[in-house]
Amino acid sequence: MFYPIRAKRYSLFLAIFLGACGVQQPQVVDSSFVIEAAAPAYPSGEGPIVLIDEGHYNFHTADGRYRPFADLLRSDGYVVQPLNSKFTRTSLAQGRILLIANALAEKNVDDWSLPNHPAFTDTEVDAVAAWVAEGGALLLIADHMPMPAAAAKLAEVFGVRFENGYAIRRGFESPRPPIVFDRASAGLRDHAITRGRHAGERIDSVATFTGQAFRVEDNVTESNFAPLLVFGPSTELLYPEKPAVFTNSTERVNIEGWYQGLAMSFGKGRIAIFGEAAMFSAQFLGEERRPMGMNSPVAKQNAQFALNTMHWLSKLLD
């Protein structure tokens with residue numbers, strides 16, 4: 001049976017601007033874009049509890065830039081709750097899925113320039129790793145600089161190496177167009193997440209909006225790791241000293257074959273990691289209000305991809 005996603009638009013816009021860095025273009029939530037799962041995976045309010053981290057100066061929160069994502073999950077039956085505390089065994093026990101999106105260190109809230117600092121203490125990292133190993137599910141999202149540095153310690157525990165830069169199509173530093181990962185180019189890989197529960201949930205393309213690129217350590221084996229979004233040719237990672245300030249001397253690395261999305265098992269738990277956050281939201285960028293996220297014309301399947309990811313983390317998908 002085909003379970004389409006319904007999308008509706010309303011006239012009210014909620015503007016949320018980034019004041020942390022003058023060189024960053026403002027990102028505005030497209031609150032007119034409301035998405036719903038037409039046939040929810042769970043009865044309303046009876047699905048797994050999703051804890052959205054809001055205790056680490058997160059750039060994306062349930063009532064802020066991730067409101068479209070939170071609303072989508074609620075329409076699918078999930079119970080979405082903010083987690084305003086630090087990560088401990090007790091705080092994590094409140095939910096089944098932990099969603100961390102663009103955590104920041106306090107030192108970098110108002111200054112994204114180098115140096116960039118960790119957002120989590122070693123004790124918190126150990127708590128999350130133990131919780132996942134015991135059966136928890138983690139959706140970890142860290143966008144471009146400085147977010148990879150903020151979450152690097154946590155990713156490292158799972159054998160993933162975040163890179164504190166900007167992933168772009170070569171030659172497109174400003175403006176930076178979306179990168180489309182599709183099956184035809186092998187950028188979008190076959191997995192339970194991209195297949196969905198039936199043919200109507202199959203994903204053929206996913207669009208992302210800059211973000212970072214990452215790799216996995218040699219000790220991560222194919223038995224517990226599956227790539228989802230893989231960079232193709234003519235893509236590179238830029239390492240500026242100041243956010244979004246690129247010059248001829250900015251370090252650049254070819255990232256063909258690197259990842260922007262993966263799924264993996266860890267002990268009894270599951271993890272999905274992505275290097276870009278807007279893909280799961282609906283925003284406008286800059287004064288020209290360019291769509292960025294699920295509201296973009298090139299991201300028509302992003303919402304279903306988000307639901308499929310959550311279904312896999314919930315073990316509705318093998």
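Here the straight-line distance linking atom NE2 of H60 with atom CG of D143 works out to 6.5 Å at 0.5 Å rounding. Here the OG-CD1 distance, from S314 to I97, works out to 3.5 Å after rounding to the nearest 0.5 Å. Between R270 atom CZ and N224 atom CG the span is 12.5 Å, to the nearest 0.5 Å. In this structure, NZ on K300 lies 13.0 Å from CG on D204, to the nearest 0.5 angstrom.
A salt bridge links D190 to R183: one of the charged nitrogens lies within less than 4.0 Å of a carboxylate oxygen.
Judged by distance alone, with hydrogens and angles left aside, the side-chain atoms of E276 form no donor-acceptor pair with the main-chain N or O of G261 at under 3.5 Å. A donor-acceptor contact shorter than 3.5 Å is absent between the side chain of T250 and the backbone of P240. A donor-acceptor pair is defined here as one N or O able to donate and one able to accept, closer than 3.5 Å; such a pair exists between the side chain of S75 and the backbone of A37. Of the possible polar contacts, one joining the N116 side chain to the S113 backbone as a donor-acceptor pair under 3.5 Å is found. D30 places a side-chain N or O within donor-acceptor distance of the main-chain N or O of S32, the cut-off being under 3.5 Å. Distance alone, capped at 3.5 Å, is enough to place a donor-acceptor pair between the N108 side chain and the P115 backbone. In terms of modelled atom types and a separation under 3.5 Å, the side chain of Q301 and the main chain of S205 share a donor-acceptor contact. R289 places no side-chain N or O within 3.5 Å of a backbone atom of G286 that could act as its donor or acceptor partner. Without hydrogens or angle criteria, R65 side chain to S281 main chain gives no donor-acceptor distance under 3.5 Å. A donor-acceptor pair is defined here as one N or O able to donate and one able to accept, closer than 3.5 Å; no such pair exists between the side chain of Y166 and the backbone of T210.
The aromatic rings of F214 and Y259 sit tilted, their planes meeting at an angle between 30° and 60°. Ring geometry, H56 versus F120: the interplanar angle exceeds 60°, so the pair is classed perpendicular (tilted spans 30 to 60°).
Annotation: E106, atom CD; neighbour count of heavy atoms from other residues, nucleotides and ligands within 6.0 Å does not exceed 12. Within 6.0 Å of CD in E256 there are more than 12 heavy atoms belonging to other residues, nucleotides or ligands. When the shell of 6.0 Å around CD of E156 is examined, it contains 12 or fewer heavy atoms from other residues, nucleotides or ligands. Residue R161 places its CZ atom among more than 12 non-hydrogen atoms of other residues, nucleotides or ligands, all under 6.0 Å distant. At most 12 heavy atoms of other shown residues, nucleotides or ligands fall within 6.0 angstrom of atom CG in D318. Within 6.0 Å of atom CZ in F266, more than 12 heavy atoms from other residues, nucleotides or ligands are found, so the atom counts as buried in its surroundings.
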**OP:** Please test L72 against L307 for side chain to side chain contact (heavy atoms under 4.5 Å, CB included), starting from the C-alpha separation and ending with a verdict.
**Re:** CA-CA 8 Å; L72 174 63; L307 288 179; 3.8 Å; yes
Subject >> Step-by-step side chain to side chain contact (heavy atoms under 4.5 Å, CB included) determination, M310 to L139 >> reply: CA-CA 8 Å; M310 299 301 292; L139 175 53; 3.9 Å; yes
Subject >> Criterion ring pair (Phe, Tyr, Trp, His ring centres under 6.0 Å) on F280 and Y66, from CA distance to verdict >> reply: CA-CA 8 Å; F280 294 131; Y66 257 20; 7.1 Å; no
**OP:** Applying ring pair (Phe, Tyr, Trp, His ring centres under 6.0 Å), run through F181 and F305 and close with a yes or a no.
**Re:** CA-CA 12 Å; F181 298 85; F305 182 76; 9.5 Å; no
Original post:
Could you go step by step and tell me if L262 and F158 meet the side chain to side chain contact (heavy atoms under 4.5 Å, CB included) rule?
Top reply: CA-CA 12 Å; L262 62 78; F158 305 116; over 6 Å; no
Original post:
When you look at I52 and T61, which way does the side chain to side chain contact (heavy atoms under 4.5 Å, CB included) test go after all the steps?
Top reply: CA-CA 7 Å; I52 297 185; T61 59; 5.6 Å; no
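The side-chain contact (heavy atoms from CB on, under 4.5 Å) test with F87 is passed by exactly one of L51, L92, V125, T123: L92. Across L140, L99, I100, a single residue satisfies side-chain contact (heavy atoms from CB on, under 4.5 Å) together with D53, and that is I100. Remark: of the listed residues H144, Q212, R215, R215 is the sole one forming a side chain to side chain donor-acceptor pair (under 3.5 Å) with E163.
Following chains of ILVMFWY side-chain contacts shorter than 4.5 Å, one can reach L229 starting from I203, so the two form part of one hydrophobic cluster. Linking Ile, Leu, Val, Met, Phe, Trp and Tyr whenever their side-chain heavy atoms come within less than 4.5 Å leaves I273 and I179 in two separate clusters. Grouping the Ile, Leu, Val, Met, Phe, Trp and Tyr side chains by contacts below 4.5 angstrom, directly or via other members, places F162 with V216. Put simply, V160 and V157 are part of the same group of oily side chains (I, L, V, M, F, W, Y) that touch within less than 4.5 Å, one to the next. A single hydrophobic cluster is not seen to contain both L98 and L313; linkage of ILVMFWY side chains at heavy-atom distances under 4.5 Å, directly or through other members, places them apart.
In terms of heavy-atom proximity, S296 sits nearest to F209 at CB-CZ, 3.7 Å. A pairwise comparison of heavy atoms in A303 and I35 identifies CB-CD1, 4.2 Å as the closest pair. Nearest heavy-atom pair, T194 versus H191, reported as atom, atom and distance to 0.1 Å: OG1-N, 2.8 Å.
A donor atom on one side chain and an acceptor atom on the other are found under 3.5 Å apart for T247 and S249. Using modelled atom types and a 3.5 Å distance limit, the side chains of Q283 and Q27 yield a donor-acceptor pair.
Counting heavy atoms from C-beta outward, M145 and L114 have side chains that approach closer than 4.5 Å. Side-chain contact check for F33 versus P291: every heavy-atom pair is 4.5 Å or farther apart. Between F231 and L237 the shortest side-chain heavy-atom distance does not fall below 4.5 Å. The side-chain heavy atoms of M279 and Q260, taken from C-beta on, include no pair separated by under 4.5 Å. Using a 4.5 Å heavy-atom cutoff, the side chains of T208 and F274 are not in contact. Looking at F69 and V80, their side chains never come closer than 4.5 Å, going by heavy atoms from C-beta outward. In this structure the side chain of N254 reaches within 4.5 angstrom of the side chain of R170, judged on heavy atoms. In this structure, the side chains of N295 and F284 come closer than 4.5 Å at one or more pairs of heavy atoms.
Partners of A192 by side chain to side chain contact (heavy atoms under 4.5 Å, CB included), not counting sequence neighbours, listed by chain and number: R195, W312, L317.
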